[in-house]
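Below is one structure, written out as structure tokens, with a few remarks after it.
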Amino acid sequence: MKLLIINGPNLNLLGTREPDTYGKESFEDYFSKLQFKFRETELSYYQSNIEGELIDRLQQADMEFDGVILNAAAYTHTSIGIGDAVKAIGIPVVEVHISNTFSREQFRHKSYISANAKGIIIGFGLSSYDLAINSFLIK
Ligand code: DQA
């Protein structure tokens, strides 16, 4: 099983960005733990702050991976383009969020991704990614 984790804008700052909301661990450190925990799964990671680059990576992933775990961060709430890319590709996409977006501001309640996601995992801290990987492994 080959899975790609895609993180959107400002998630490169995990560990230092709003630690009360997003925790104190960098994604690189957490990703190493995921790779160790899911040794049988081929995990890759991509992050960009640029909307078009996220769309390009989703399109390329269609040929390369069995599934995508996508945290589009703020673009979740604004990007019809990323939503369309999720719809356009043939592989399943699981939408994840670290924080519970529904317990936050109203503008975070809207997602352009959810309608075309295989499923949604929201609000479990970094463990949201762990749960998303598991969602691909359950038979
Ligand atoms: C986020 C939630 C978004 O509303 C926010 O813009 C982010 C991170 C999350 O993982 O909780 O950057 O996607």
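Every number for a ligand or one of its atoms is a count from 1 in the order of the listing. The structure presented is a predicted model; accordingly, all values stated were derived computationally and were not measured.
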Residues 79-90 side chain polar contacts: donor-acceptor under 3.5 Å, at least two apart:
from	atom 1	to	atom 2	distance (Å)
Ser79	OG	Glu51	OE2	2.5
Ser79	OG	Gly81	N	3.4
Ser79	OG	Ile82	N	2.9

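- The backbone N or O of Leu70 sits nowhere less than 3.5 Å from a side-chain atom of Glu95 that would complete a donor-acceptor pair.
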Write none if no such pair exists; otherwise list each N/O atom of ligand 1 with its protein N/O partner under 3.5 Å and the distance.
from	atom 1	to	atom 2	distance (Å)
ligand 1	4 (O)	His77	NE2	2.7
ligand 1	4 (O)	Arg108	NH1	2.9
ligand 1	6 (O)	Ala74	N	3.2
ligand 1	6 (O)	Arg108	NH1	3.1
ligand 1	10 (O)	Asn71	ND2	2.8
ligand 1	10 (O)	Ile98	N	2.7
ligand 1	11 (O)	Ile98	N	3.2
ligand 1	11 (O)	Ser99	N	2.8
ligand 1	11 (O)	Ser99	OG	2.6
ligand 1	12 (O)	Arg17	NH1	3.1
ligand 1	12 (O)	Arg17	NH2	3.0
ligand 1	13 (O)	Asn71	OD1	2.8
ligand 1	13 (O)	His97	ND1	2.8

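- Taking a cutoff of 4.0 Å between a charged side-chain nitrogen and a carboxylate oxygen, Glu28 and Lys33 do not qualify as a salt bridge.
- Here Phe102 pairs with His109 under the ring-ring contact (aromatic ring centres under 6.0 Å, His included) rule; sequence neighbours left out.
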For a quick test of your reading: what N or O donor-acceptor pairs under 3.5 Å do the side chains of residues 124-131 make, sequence neighbours left out?
from	atom 1	to	atom 2	distance (Å)
Ser128	OG	His97	O	2.9
Ser128	OG	Phe124	N	3.1
Ser128	OG	Gly125	O	3.1
Tyr129	OH	Asn7	OD1	2.7
Tyr129	OH	Asn71	ND2	3.1
Asp130	OD1	Lys37	NZ	3.3
Asp130	OD1	Asn134	ND2	3.3
Asp130	OD2	Lys37	NZ	2.8

Verdict with supporting geometry, Ile120 and Val94, side-chain contact (heavy atoms from CB on, under 4.5 Å): CA-CA 6 Å; Ile120 307 161; Val94 171; over 6 Å; no
